[in-house]
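Okay, structure first, notes after.
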Amino acid sequence: MCRGVPLDNNRIIASALLETARAYEFLDENPYKVQAYRKAAHAVLQLDEPLSGVLEKGGLSGIPGIGKTIAARIESWVRGHDFSDLEELRARIPSGLDELLKVPGLGMKRIRILHEQRSIGSVEDLMDAVKEGKVSGLRAFPAKFVSSLPRALERVMSYRGKFTIDLALAYAEEIRSVLAASGIQVHLAGQCRRISEIVEKIEFLVEGGEGEMDKIMGLLKEPRVEIKGGAYEMPPKAVRPALSFIFVSPDALAARLLIATGSAGHLDELKNIAAETGVEIDERGVYRKGEMIAARDEEEIYRLLGLQYLPPEVREGRDVEMALARSHTVPELIRREDVRGTIHNHTVFSDGTSTLEEMVLGARERGYQWIGISDHSRSAYYAGGMSQDDIAEQHREIDELKARYRDIEILKGIESDILADGSLDYPPEILERFDFVVASIHTGMDIDRETMTKRIVTALRNPFTTMLAHPTGRILLSREPYEVDMDAVLEEAFRNNVALELNANPSRLDIDWRLIEPFISAGGIIVLSPDAHTVEGLDDMEFGLKLARKGFLTAGACLNSFGAEGVRLFAKKI
DNA sequence: GCCGTTTTCGGCCCGACTGTTTTCAGTCG
């Protein structure tokens, strides 16, 4: 697992701890031991320095959640590069365990039954067994569930080789820095540069000759390379997408970058426009009447075509981007400095792990003028939802903090579950105590489109609803969005002055960026939320911003650019 | 396996939902 490209150390160790937890769970070990490994993984991910550094400074004993046993294991992984204990565990579990766990409805117990009674150890095994009728009749496998399996299995297989943008970008940055340290300059292109929420390939342009490829393979310790369409490609692995390297001369860099970044649709459009203007763009450079034009950068190429510059993240080939570029009306997209505050954050009052004060200080450190606190409501038992007493206590604590920290505003909020009938799970006399109300669905997602649409529309019409969080419930590469008429949701949100969330958690990125531009064009307001459960979680805002830009979000249509008082007024529908 | 301590053991989140369970098992969040 640690061979190949050196991924960020802590990420590798956390993933090894999680793998250990899964293996112990499969092997039916003490569930609290399993939980301990999960907690330790979580603790490692929260560190703000590499484990090697922590070890240097005297060890892991101070980290809550890491005791003697796990500390010793981590030390042998980090210092000794010795993963033999994990490899022994791996040999005792089915090879396809991780993928099987991604199948909705398949938990560890069912997987164990499949393994013990039918020798099923992978998604392929299970597919074959279902087709041959070998799963029907097994204990804990009701007919309806079995009949849903083929589709679910196909979906899981379709996730192979795909990664969310956060992991892809982290990996790309690792590679870039490893290569840069040896004097090899690379430029990120393709899906990563375009900020696709799902990445199948990390593409680099490399300045220099193809002779560098041996050096790159040596540095990345990756022997397998195939040549496809002029690019050197390394196939995907469990921890990263496929990699691609294209070698390019300085003259052709701008044209190559343009070609390697835009979607096929965007490039087709550019070529059509180029043909109209007598310009030719290909891998060698930019030409007019056969004469090469030395385009310094992409801006110059767009200018040559009579277009306004389009930043990489919007080059998707949609009608809207080309119309804006042709008419030179591309708006100023939202930037980090436009974000004055962050809404929808959790604390230890529900399922967050940072205290109220830590979250407030975290927001202040990040330069925010205000922070909204919205812990889970009472029906969210699974997340330690707040009772009425909890709410009163939290409000007292917020008032104390407000008195102590004058340079940041704290907004009192709640993440209130949308119940089956579309009502929020507190009555008006409680909801009115908050500065804002986040409405969201956490249960009962498997209902038909019409019922779900009605349920959400009812919540949007509730006068206390300020924003709808994670509007489609999707978890990228894991859970499909629920069935819902998004046109109706957009329409109703706009009519009731409810902001739609772009959840900035890189596994959600929900609402889909494709819906942002039509929504704000109609006058709707988007809100970017990290949905932070820890102080570090606040940093997910970065991914919200990236995807918001992709959806043509402007500061004016984004609640985060409002001042605290503006947010209060928005919530009061004034 | 970790933690806390009334300190070396006992507790660690748990209710809703689904299916076919006639009293519960498994999954989910």
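Chain A is the first sequence line, chain B the second, and so forth, proteins listed ahead of strands; every chain is numbered from 1. As the structure is a prediction and not an experimental result, all values here were calculated from the model.
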Open item on the list: Taking only the C1' atom of each, what is the distance from dC13(B) to dT8(B) in whole angstrom?
Closed with: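 Here dC13(B) and dT8(B) have their C1' atoms 25 Å from each other.
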
- [ ] Please measure how far the C1' atom in dG19(B) lies from the corresponding atom in dC12(B), and state the result in whole Å.
- [x]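 Taking atom C1' in both dG19(B) and dC12(B), they lie 30 Å apart.
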
Open item on the list: Is Arg139(A) close enough to dG26(B) that one of its side-chain N or O atoms is under 4.0 Å from OP1 or OP2 there?
Closed with: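 For dG26(B), OP1 or OP2 has a side-chain N or O of Arg139(A) closer than 4.0 Å.
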
Open item on the list: dG11(B), OP1 or OP2 - any side-chain N/O from Gln35(A) closer than 4.0 Å?
Closed with: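 False: Gln35(A) side-chain N/O out of range (4.0 Å or more) of dG11(B) OP1/OP2.
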
Open item on the list: Please classify the nucleic acid contact of Arg479(A) as base, sugar-phosphate, or nothing, using heavy-atom distances under 4.0 Å.
Closed with: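 Sugar-phosphate, backbone atoms only, no base.
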
Open item on the list: So, using ring-ring contact (aromatic ring centres under 6.0 Å, His included) as the criterion, who are the partners of Tyr24(A) when residues are at least two apart?
Closed with: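 Once residues adjacent in sequence are excluded, the partners of Tyr24(A) under the ring-ring contact (aromatic ring centres under 6.0 Å, His included) criterion are Tyr37(A).
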
Open item on the list: I'd like to check the ring-ring contact (aromatic ring centres under 6.0 Å, His included) partners of His395(A); sequence neighbours left out, ordered by chain and number.
Closed with: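 Phe434(A).
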
Task: Nearest-Å distance for atom pair CG/C1', residues Leu138(A) and dA25(B) - done: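 Interatomic distance, CG of Leu138(A) to C1' of dA25(B): 14 Å.
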
Could you list, one pair per line, each protein nitrogen or oxygen that sits under 3.5 Å from a nitrogen or oxygen of nucleotides 17-19 of chain B, together with the distance?
residue : atom : partner   : partner atom : Å
dG19(B) : OP1  : Lys144(A) : NZ           : 2.6

TODO: Identify the nucleotide, in any strand shown, that forms a Watson-Crick or G-U wobble pair with dA25(B), with both distances under 3.5 Å; if there is none, say none.
DONE: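 For dA25(B), the partner nucleotide comes out as dT18(B), under the 3.5 Å rule.
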
Open item on the list: Less than 3.5 Å apart, any donor N or O on the side chain of Ser529(A) or Asn503(A) sitting next to an acceptor on the other?
Closed with: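 No pair is found: no donor N or O on one side chain lies under 3.5 Å from an acceptor on the other.
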
Task: Main-chain N/O of His376(A) paired to Ser350(A) side chain as donor or acceptor, under 3.5 Å - done: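 Yes, Ser350(A) side chain to His376(A) backbone: donor-acceptor pair under 3.5 Å.
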
TODO: From the options dG29(B), dG1(B), dG26(B), select the nucleotide whose nearest atom is closest to the side chain of His442(A).
DONE: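 Side chain of His442(A) sits closest to dG29(B).
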
Open item on the list: Between His470(A) and His442(A) (judged by ring centroids, cut-off 6.0 Å), do the two rings come close enough to count as a pair?
Closed with: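 Yes, the ring of His470(A) comes within the 6.0 Å limit of the ring of His442(A), centre to centre.
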
TODO: May I ask you to establish whether Arg73(A) and Phe83(A) are in a cation-pi arrangement, using a distance under 6.0 Å from NZ or CZ to the six-membered ring centre and at most 45° from the ring axis?
DONE: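 No - Arg73(A) does not lie over the ring of Phe83(A) by the 6.0 Å and 45° rule.
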
